[in-house]
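Written out below as structure tokens is the structure these notes cover.
Convention: sequence-line order gives letters A, B, ...; per-chain numbering from 1.
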Amino acid sequence: MSKNLVIVESPAKAKTIEGYLGTDFTVKSSYGHVRDLPSNGIAIAVDDGYKPAYEVSADKKQVVKELKKLATSAEVVWLATDEDREGEAISWHLMEALDLAEEKTRRIVFHEITKPAILKAIENPREVDINLVNAQQARRILDRLVGFELSPVLWKKVKPSLSAGRVQSVAVRIIVEREREIIAFIPTSSFRAVALFDVDGRELKGELSKRLADGSEAETFLNECNGSDFTISALEKSPGKKSPAAPFTTSTLQQEASRKLSFSVSQTMVVAQKLYESGRITYMRTDSVNLSDIAVNQAKDTISSMYGPEFAETRVYKSKAKGAQEAHEAIRPTDLGISEIDADRNEKRLYDLIWKRTVASQMADAKLEKTTVTIDISKSERQLIAKGEVITFEGFLKVYLEGTDDEEEESKGMLPPLTQGENLKLNHITATERFTHHPPRFTEASLVKKLEELGIGRPSTYAPTISTVQKRGYVVKESRDGKPREYTQWLLKEDNVTNGTLTENTGAENSKLFPTDIGMVVNDYLVDHFDKILDYNFTANVEQEFDEIADGKKEWSKMIDAFYTPFHTTVENALENTARATGERELGKDPKTDKPIFAKIGRYGPMIQMGLGEDEDKKFASLQGEQSISTITLEEALELFKLPRKLGEFEGEEIAAAIGRYGPYVRHNKLFVSLDPELGDDPLTVELDRAIELIKAKREEQKKSIIKEFEEDSDIRIIIGRYGPYIKAGKQNVRIPKDKEPESLTFEDVTELIEAAKKAPKRRKK
DNA sequence: CAGTGAGCGAGCTTCCGCTTGACTT
């Protein structure tokens with residue numbers, strides 16, 4: 001048995017550290033928190049000082065058992081969890097769960113996994129900081145109280161199984177408010193004038209710095225230019241520079257992997273985890289931009305030998321993120337000497353990104369020379385401007401340039417040689433109508449960036465939060481096709497001014513976040529009744545109080561009480577006195593019956609309704625595809641009411657066409673046949689003959705798929721489905737064990753299987 | 001996973017922040 005037991009949070013970290021310490025040390029991992037509030041029930045004694053009822057998490061029972069055994073036989077237990085609020089709490093929970101005596105327990109901390117850092121930590125042990133632990137408890141308890149009191153309000157006022165919380169509800173709010181800005185946005189247009197000159201066989205592009213207001217101004221301007229002389233009236237050169245971006249944190253890695261590799265936020269984390277476990281990179285959940293001295297020195301050597309010493313520049317970066325706790329290093333390669341690794345494609349690509357970013361962060365600025373050329377027009381007051389940019393020293397640009405979210409980045413190239421006073425030969429000028437853009441929709445990664453700016457969420461929760469708001473149906477990630485839009489272009493060429501209409505595609509989106517109707521309704525309800533929690537600054541405000549608790553200036557239970565007492569009253573009041581939230585919006589009146597038409601959330605999702613509550617003859621229809629309550633028009637609603645459509649009779653029974661949960665279909669009796677739009681079948685136009693044809697074809701197909709029927713019970717049959725043979729008993733489907741031949745099953749076998757399936761516990765969906 | 005085209009309604013759902021693993025039909 002080892003004399004010393006060291007406990008860290010992650011097994012990969014344990015392995016590394018074990019190598020740095022002698023044989024007297026055993027290093028084990030706690031796999032994160034070992035105790036927590038139970039997942040069902042509030043588990044906080046609200047009337048008894050908010051006492052939390054912690055328990056060892058189910059998946060940590062084994063870990064705790066093993067650690068306890070090792071701790072008992074060790075002389076000293078070193079708690080080496082992260083030096084932040086959560087890490088301190090993990091150490092405290094370990095003391096409680098493992099029954100550690102204070103005399104044999106030491107608390108140590110280090111910010112980088114290097115031998116000197118760890119040896120230094122061992123020489124400077126301390127005790128568990130109970131104030132910091134209390135700050136974590138306050139955080140944990142506040143989140144539980146908010147989440148477990150707000151969510152049930154939504155179950156009652158909107159829909160069961162919904163959720164709300166300090167972090168996720170603000171994330172949804174950000175998406176909803178952006179969408180509202182986009183809906184309200186009215187694009188305006190102006191004309192951008194660009195002149196192209198020929199300079200000794202090369203091209204010079206000059207642009208009006210101010211846009212022209214409308215078509216007539218564009219026409220006037222081009223007429224002025226027609227026959228004008230174009231003269232260079234000024235030629236200015238100025239130096240410029242670009243500096244590299246800081247090394248990666250979780251959030252910037254997610255953003256950059258999204259921009260450059262098209263990774264989703266969770267994909268980035270999965271790939272990074274693999275790189276971490278194989279020892280290629282440092283820890284991937286961090287908010288720190290700091291590099292260890294060892295890494296900085298290695299970067300300097302690598303850069304000098306690969307590119308030359310003039311490319312190396314040692315830099316120290318400071319975190320700008322609100323609430324950064326900086327318990328780790330930035331994300332970097334563990335060995336900067338390795339610029340390429342042998343692994344699967346995505347690991348390679350992500351490693352490459354991390355390597356380049358880290359190396360570039362320790363490189364010199366790029367130096368530029370910027371040129372601005374002013375061009376006078378003899379018959380116009382306006383001036384054209386041409387801009388050029390030349391890199392005079394590449395610096396870090398040799399390795400890496402950070403991506404940008406801005407879609408309209410224009411590259412400024414090199415200008416042809418020019419002199420002041422020079423007369424330019426015009427090729428042509430265009431004045432093109434350009435429209436203003438609505439603010440951009442968020443991607444997963446840009447939402448993470450926004451959350452980080454607000455200090456909401458932590459590196460370990462960005463990816464889970466993004467997936468929670470999608471799982472709850474508040475937000476969907478979608479790509480959408482744009483729509484064609486016409487624009488005007490004026491052209492001056494060969495002394496002629498003409499104009500024409502062109503078409504562009506606008507509004508196309510690729511993997512962007514859209515709020516759903518449920519997301520909007522839930523958000524509006526929460527903002528209306530719980531504005532304090534939904535405030536963008538709520539987290540920042542409570543973080544300040546957590547800091548005071550951590551400093552020992554405030555008692556955690558008092559802070560919680562000051563929050564909870566008014567909060568709970570608001571919850572009770574909401575449960576009793578607020579109306580059900582449906583997001584109802586009146587679209588107009590039916591032109592035929594004059595009945596009002598509403599869009600709202602129904603029991604089965606967004607729907608439209610014609611006629612009021614007491615109306616016996618109400619009509620309903622579900623919204624389709626990309627339609628939403630906030631944007632559906634009266635015309636679109638009237639289209640939806642045309643379904644289900646009666647096509648006529650066949651074999652004495654009616655055939656109807658409609659759109660269901662799984663797309664358009666025609667129905668005859670109990671038989672449903674899907675309509676495939678690719679084949680030109682549309683429920684609004686499909687005719688009786690075509691429907692009969694489809695129904696007959698489906699009958700044939702079904703006949704073929706029946707393997708066996710039973711005389712004893714005509715409701716039971718064996719059928720070949722998409723996933724192989726199964727037993728159909730009325731509405732119930734039963735799988736057939738692999739070792740049984742479907743054809744050979746007797747009626748007794750089948751009834752037995754059906755009974756067994758009925759008794760078996762239902763699998764829970766996750 | 002689940003083989004579909006609901007509509008009755010018992011009992012359950014839910015938070016945030018640490019960390020990885022994954023029994024078999």
Side-chain angles (χ1 to χ4, degrees), chain A residues 8-14 29-37 39-44 57 59-60 62-63 81-82 84-91 93 136 139-156 159-169 269-270 273-274 276-277 283 285 325 327 456-462 464-465 468 472 533 539 602-605 620 622 644 656 658-667 670-674 705 719-728 731-739 757 760 763-766:
Chain A
V8 294
E9 280 155 69
S10 136
K13 194 164 159 182
S29 149
S30 75
Y31 294 84
H33 274 293
V34 294
R35 295 201 314 176
D36 190 13
L37 299 170
S39 58
N40 51 338
I42 290 248
I44 293 164
S57 318
D59 55 334
K60 299 296 165 53
Q62 198 55 41
V63 176
T81 54
D82 295 346
D84 59 13
R85 206 160 62 201
E86 297 296 329
E88 201 69 21
I90 290 173
S91 278
H93 278 300
Q136 191 274 347
R139 198 282 304 155
R140 180 68 188 94
I141 288 164
L142 178 106
D143 282 338
R144 169 55 65 94
L145 290 171
V146 169
F148 276 42
E149 293 222 351
L150 275 190
S151 300
V153 177
L154 296 180
W155 304 344
K156 187 168 171 205
K159 213 175 86 162
S161 299
L162 294 176
S163 65
R166 174 176 60 80
V167 173
Q168 59 168 284
S169 296
M269 295 314 284
V270 169
Q273 176 90 28
K274 283 193 197 146
Y276 170 66
E277 283 170 7
Y283 196 57
R285 289 185 277 264
Q325 311 205 0
I456 297 174
R458 302 279 312 131
S460 65
T461 60
Y462 294 139
T465 300
T468 297
R472 296 275 175 272
I533 311 286
T539 290
R603 195 164 159 202
Y604 303 103
F620 304 97
S622 292
I659 299 177
R661 198 168 151 200
Y662 310 104
Y665 66 91
V666 290
R667 188 184 54 158
K670 280 180 177 171
L671 182 69
F672 290 82
V673 188
S674 288
S705 69
I719 295 173
I720 292 212
R722 263 162 70 199
Y723 304 94
Y726 67 99
I727 302 163
K728 190 167 187 69
K731 280 192 163 186
Q732 195 192 2
N733 298 311
V734 182
R735 59 187 305 134
I736 298 170
K738 270 192 186 141
D739 55 340
R763 261 180 299 194
R764 275 179 52 139
K765 279 196 216 167
K766 255 212 155 170

Integer-rounded Å distance: [N] [atom2] and [X] [atom1]:
| X | N | atom1 | atom2 | value |
| --- | --- | --- | --- | --- |
| A:His33 | B:dC16 | NE2 | C1' | 9 Å |
| A:Asp59 | B:dT20 | CG | C1' | 9 Å |
| A:Leu145 | B:dT14 | CG | C1' | 13 Å |
| A:Gln136 | B:dC16 | CD | P | 15 Å |
| A:Asp36 | B:dC15 | CG | P | 13 Å |
| A:Ile533 | B:dC16 | CD1 | P | 11 Å |
| A:Gln273 | B:dT20 | CD | P | 5 Å |
| A:Ile141 | B:dT14 | CD1 | C1' | 17 Å |

task: Drop me the distance from A:Ile533's CD1 to A:Arg166's CZ, to the nearest 0.5 angstrom.
output: 10.0 Å

Any [X] side-chain N or O less than 4.0 Å from OP1/OP2 of [N]:
| X | N | result |
| --- | --- | --- |
| A:Ser29 | B:dT20 | no |
| A:Arg285 | B:dT19 | yes |
| A:Thr461 | B:dG17 | yes |
| A:Ser151 | B:dT13 | no |
| A:Gln168 | B:dC16 | yes |
| A:Arg85 | B:dC16 | no |
| A:Arg139 | B:dC18 | no |

Just to be sure I understand the rule, does [X] reach a base, reach only the sugar-phosphate, or reach nothing, if contact means heavy atoms closer than 4.0 Å?
| X | value |
| --- | --- |
| A:Gly605 | nothing |
| A:Arg144 | base |
| A:Arg35 | nothing |
| A:Val167 | sugar-phosphate |
| A:Glu149 | nothing |
| A:Pro152 | base |
| A:Tyr462 | nothing |
| A:Ala164 | sugar-phosphate |
| A:Ser163 | sugar-phosphate |
| A:Gly87 | nothing |
| A:Ser30 | nothing |
| A:Leu37 | nothing |
| A:Gly32 | base |

- prompt: Counting heavy atoms not belonging to A:Glu277, are there more than 12 under 6.0 Å from its CD?
  reply: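 For A:Glu277, atom CD is crowded (more than 12 foreign heavy atoms under 6.0 Å).
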
task: Flag yes if more than 12 heavy atoms outside A:Arg667 fall under 6.0 Å of its CZ atom; otherwise flag no.
output: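 Atom CZ in A:Arg667 is not crowded, with 12 or fewer foreign heavy atoms closer than 6.0 Å.
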
- prompt: Of the non-hydrogen atoms in A:Arg144 and A:Gly41, which two are nearest, and what is the gap between them?
  reply: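 Smallest heavy-atom distance, with atoms named: NH1-O, 2.7 Å.
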
- prompt: B:dT19, B:dC16, B:dT14: which one has an atom nearest the side-chain heavy atoms of A:Arg472?
  reply: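 The answer is B:dT14.
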
- request: State which residues pass side-chain hydrogen bond (donor to acceptor under 3.5 Å, both in side chains) with A:Gln136; sequence neighbours excluded, sorted by chain then number.
  value: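 A:Gln136: side-chain hydrogen bond (donor to acceptor under 3.5 Å, both in side chains) contacts with A:Glu86.
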
Considering only the [atom1] atoms, how many Å lie between [N] and [M], rounded to the nearest integer?
| N | M | atom1 | answer |
| --- | --- | --- | --- |
| B:dC1 | B:dT24 | C1' | 14 Å |
| B:dG3 | B:dT25 | C1' | 16 Å |
| B:dG9 | B:dT13 | C1' | 15 Å |

- request: Would you check, one step at a time, whether the test side-chain hydrogen bond (donor to acceptor under 3.5 Å, both in side chains) holds for A:Arg285 with A:Ser460?
  value: CA-CA 6 Å; A:Arg285 289 185 277 264; A:Ser460 65; 5.7 Å; no

query: Tell me, what's DNA chain B's dot-bracket, Watson-Crick or G-U with both distances under 3.5 Å, | for other-strand, [ ] crossing?
result: .........................

task: Verify the stacking flag for A:Trp155 against B:dT13: centroid separation must be under 5.5 angstrom and the ring planes must differ by under 30 degrees.
output: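 It does: the ring sits over the base of B:dT13.
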
ring centroid sep under 5.5 Å plus plane angle under 30, A:Phe148 with B:dT14: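 Stacking is present between B:dT14 and A:Phe148, given that their ring centres fall under 5.5 Å apart and the planes under 30°.
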
task: Applying side chain to side chain contact (heavy atoms under 4.5 Å, CB included) between A:Leu145 and each of A:Ile141, A:Asp143, A:Leu142, report the one that passes.
output: A:Ile141

query: Counting distance only, does the side-chain N/O of A:Ser151 pair as donor-acceptor with the main-chain N or O of A:Phe148 below 3.5 Å?
result: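 No, because the side chain of A:Ser151 does not come within donor-acceptor range (under 3.5 Å) of the backbone of A:Phe148.
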
query: ring pair (Phe, Tyr, Trp, His ring centres under 6.0 Å) with A:Tyr276: which residues, sequence neighbours excluded?
result: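 Result, ring pair (Phe, Tyr, Trp, His ring centres under 6.0 Å) vs A:Tyr276: A:Tyr283.
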
message: Using heavy-atom distances to pick each residue's nearest nucleotide on DNA chain B, tell me which of A:Lys60 and A:Phe672 is more 5'.
response: A:Phe672

message: If you assign A:Glu277 and A:Glu86 each to the DNA chain B nucleotide with the nearest heavy atom, which residue ends up on the more 5' nucleotide?
response: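 With A:Glu277 and A:Glu86 compared, the 5'-side residue is A:Glu86.
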
field: salt_bridge(A:Asp36, A:Lys60) N-O dist < 4.0 Å
entry: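 No salt bridge links A:Asp36 with A:Lys60.
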
message: Does A:Arg458 contact B:dC18 through a side-chain donor or acceptor facing the base, at a distance under 3.5 Å?
response: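 No pair found.
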
